[in-house]
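Note sheet for the following structure.
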Amino acid sequence: NISSSKKNKNHLAPMTQTLSNRKIWLIMYFPITVVLSFLFTTSIASHEMAKYTVRNEILSPDLEKIIEKGFLTVAMNKNDRVPFFYRTDDNNTIGTDVDLANKISSSLGVKLKLLRNANTFDEVVDQVALGKADLGISKISRTLERSKRVVFSSPYMTLRQAILLNRKELAKIKKGRSLESLVQNFDGTLGVIEGSSFSRYAINNFPKAILKEYANLEELIFSLISGNITALYLDEFEVQKIMQSEKSYSLLLRPVAFDDQLDTIGIAVSIENTTLHSFVEMFLEQNFNNIGIKELLDKARQIEDEKY
């Protein structure tokens with residue numbers, strides 16, 4: 001029996017040793033497993049948090065759409081407005097508004113795509129409202145009527161409103177009135193560009209005037225010079241640009257600017273694109289320097305001299 005007991009003990013010894021080894025192995029392995037599991041879980045959580053942070057800081061729904069497609073679509077009037085936007089001989093569009101659009105698109109890390117098929121400034125606003133363009137940068141006047149369809153940035157340019165009178169036609173309706181009185185109660189024929197802010201300004205500011213709308217600036221100027229209208233209604237920059245384009249105009253035409261009637265120029269953004277609007281506002285605040293009328297007129301003169 002003693003011999004049998006010894007045999008059993010000897011038989012159990014390897015099993016006891018194996019169990020002991022397993023305990024040691026489990027004791028060593030378990031902490032490693034816990035640490036690896038923790039690190040793996042932490043890595044996934046950090047990755048997800050990084051994705052969440054990037055998405056919240058940069059890729060809001062409206063900006064994500066622009067970044068994913070790789071370009072910013074900016075609507076502009078198809079009719080040139082030197083020096084804001086105009087076509088070169090090789091059909092490229094350049095100008096101060098194009099420079100502004102380029103800087104905004106670069107800040108977003110995307111390319112610029114210009115959409116230039118709008119016949120009027122109102123159509124530019126409509127293209128933004130309908131989602132055909134991300135922004136409207138086209139020397140667009142900020143008006144109450146347009147703000148029903150889009151949201152505007154703060155003004156990046158402010159101009160006085162002005163009229164340009166044909167002196168001969170003015171004499172026909174003056175009737176002994178002073179120039180100030182005649183302008184305040186203007187009852188002559190007033191030309192404006194169709195679909196422009198001034199076509200609406202004219203209704204409010206010159207209710208007695210006989211309004212005539214023209215398709216573009218060139219037709220409007222020609223009509224004034226020809227005596228078909230008494231005056232045209234634009235901003236002070238456009239009026240001064242007309243006056244500096246021809247020396248003889250100082251004898252034929254009389255400009256009048258209004259200190260109390262301003263034309264504020266802003267960037268049109270879709271009402272739905274709230275983050276894009278905030279981005280544009282911040283960009284203008286931090287990166288944009290307003291260009292004065294004198295500098296704009298000098299640029300316009302230089303461009304016209306190079307053209308001819």
Side-chain angles (χ1 to χ4, degrees), residues 74-77 79-88 92-107 112 114 121 124-125 135-143 146 152-165 183 192-193 196-198 201 205 216-218 220-221 224 231-247 249-250 253-269 277 279-308:
V74 174
M76 284 185 177
N77 195 311
N79 299 298
D80 289 351
R81 283 289 183 278
V82 177
F84 304 99
F85 50 93
Y86 59 97
R87 288 183 177 86
T88 59
N92 288 324
T93 298
I94 60 174
T96 56
D97 273 6
V98 180
D99 292 341
L100 175 57
N102 265 313
K103 288 176 182 177
I104 293 175
S105 63
S106 295
S107 297
L112 173 64
L114 295 179
F121 291 99
V124 172
V125 172
L135 300 175
I137 305 178
S138 187
K139 198 183 174 228
I140 302 175
S141 301
R142 307 180 327 147
T143 67
R146 288 171 178 170
F152 282 102
S153 70
S154 299
Y156 64 88
M157 183 165 54
T158 300
L159 302 167
R160 291 184 299 174
Q161 297 179 26
I163 61 173
L164 188 57
L165 296 145
V183 170
V192 293
I193 297 174
S196 72
S197 57
F198 285 84
Y201 292 157
N205 297 333
N216 54 60
L217 182 60
E218 290 73 24
L220 177 60
I221 296 171
L224 178 67
L232 58 72
Y233 191 23
L234 294 166
D235 62 68
E236 63 177 323
F237 167 78
E238 296 295 346
V239 166
Q240 289 188 41
K241 190 175 77 168
I242 294 169
M243 292 300 293
Q244 80 172 14
S245 66
E246 178 62 55
K247 290 182 179 179
Y249 284 170
S250 60
L253 307 174
R254 173 71 183 269
V256 177
F258 306 104
D259 292 330
D260 59 342
Q261 298 291 338
L262 301 178
D263 185 33
T264 59
I265 309 300
I267 297 173
V269 189
H277 177 245
F279 181 89
V280 168
E281 283 287 278
M282 187 66 71
F283 174 87
L284 291 175
E285 180 182 331
Q286 296 183 355
N287 299 285
F288 185 76
N289 295 319
N290 192 10
I291 304 174
I293 288 183
K294 185 180 183 304
E295 185 179 348
L296 289 169
L297 288 169
D298 289 343
K299 283 179 179 289
R301 184 186 293 110
Q302 182 181 354
I303 292 164
E304 293 300 324
D305 290 344
E306 290 173 356
K307 187 184 294 185
Y308 299 106

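Since the structure is predicted, the reported quantities are computational estimates derived from the model, not experimental observations.
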#### Entry: Atom pair CZ/OG1 of Phe121 and Thr143 - distance to nearest 0.5 Å
12.5 Å
## Note on the structure
Scanning both residues in full, the closest heavy-atom pair of Ser153 with Leu284 reads OG-CD1, 3.6 Å
### Task
Drop me the distance from Leu220's CG to Phe198's CZ, to the nearest 0.5 angstrom.
11.0 Å
## Note on the structure
With Arg142 as partner, the option from Thr158, Thr264, Asp263 fulfilling side chain to side chain donor-acceptor pair (under 3.5 Å) is Thr264
### Beyond-backbone contact of Pro83 with Leu296, side-chain heavy atoms, under 4.5 angstrom
yes
### Task
Using distance alone, with no hydrogens and no angle criterion, decide if Ser138 and Asn77 have a side-chain donor and acceptor under 3.5 Å apart.
no
### Query
Can a salt bridge be assigned to the pair Arg301 and Asp305 using a cut-off of 4.0 Å between side-chain N and carboxylate O?
no
### Query
Within a reach of under 6.0 Å around CG of Asn92, are more than 12 heavy atoms found that belong to other residues, nucleotides or ligands?
yes
### Task
Would you mind reporting whether Leu297 and Lys241 have side-chain heavy atoms less than 4.5 Å apart?
yes
### Query
Do you know which two heavy atoms are closest between Gln244 and Ala300, and how far apart they sit?
NE2-CB, 4.4 Å
### Message
So if I apply the side-chain contact (heavy atoms from CB on, under 4.5 Å) rule between Leu234 and each of Ile193, Leu164, Ile163, Leu159, which one comes out positive?
### Response
Ile193
### Summary
In terms of heavy-atom contacts, Tyr86 and Gly95 come closest through CE2-CA, 4.0 Å
### For Asp235, salt bridge (Lys or Arg N to Asp or Glu O under 4.0 Å) partners two or more places apart
Lys139
### Message
What I'd like to find out is whether the side chain of Leu253 reaches to under 4.5 Å of the side chain of Leu165, using heavy atoms alone.
### Response
no
### Message
Looking at Glu304 and Ser245, would you say the former's side chain and the latter's main chain have a donor-acceptor pair under 3.5 Å?
### Response
no
### Query
So among Asp97, Thr96, Asn290, Asn289, which one has a side chain to side chain donor-acceptor pair (under 3.5 Å) with Tyr156?
Asp97
### Task
Ignoring hydrogens and angles, tell me if any N or O in the side chain of Asp80 forms a donor-acceptor pair with the backbone of Arg87 under 3.5 Å.
yes
### Task
Measure the CE-CZ distance between Met76 and Arg81 for me, rounded to the nearest 0.5 Å.
13.0 Å
### Task
Could you tell me whether the side chain of Ser197 reaches within less than 4.5 Å of the side chain of Arg146, counting heavy atoms only?
yes
### Heavy-atom check, side chain of Asn205 versus side chain of Phe258, under 4.5 Å
no
### Message
When you compare the side chain of Ile242 with that of Leu224, does any pair of heavy atoms fall below 4.5 Å?
### Response
no
#### Entry: Worked check of side-chain contact (heavy atoms from CB on, under 4.5 Å) between Ile140 and Phe152
CA-CA 9 Å; Ile140 302 175; Phe152 282 102; 3.8 Å; yes
## Note on the structure
So CG of Asn102 and CD1 of Ile137: to nearest 0.5 Å the spacing works out to 9.5 Å
### Message
For the CG atom of Leu100 and the CZ atom of Phe288, what is their distance to the nearest 0.5 Å?
### Response
5.5 Å
### Task
Could you grab the distance from atom OH of Tyr201 to atom CD of Gln261, nearest 0.5 Å is fine?
9.0 Å
### Query
Under the 3.5 angstrom rule, does the side chain of Ser106 hit a backbone N or O of Lys103 as a donor-acceptor pair?
no
### Task
Start with the C-alpha gap between Leu232 and Val192, add the side-chain angles, then the distance that decides, and say whether side-chain contact (heavy atoms from CB on, under 4.5 Å) holds.
CA-CA 6 Å; Leu232 58 72; Val192 293; over 6 Å; no
#### Entry: Sub-4.5 Å side-chain heavy-atom contact between Glu218 and Asn79
no
### Task
Would you please test Glu306 and Gln302 for side-chain contact (heavy atoms from CB on, under 4.5 Å) and show each step?
CA-CA 6 Å; Glu306 290 173 356; Gln302 182 181 354; 3.3 Å; yes
### Query
Are side-chain heavy atoms of Ile267 and Val74 found at a separation under 4.5 Å?
no
### Message
Donor-acceptor check, side chain of Glu236 to backbone of Gln161, threshold 3.5 angstrom: yes or no?
### Response
no
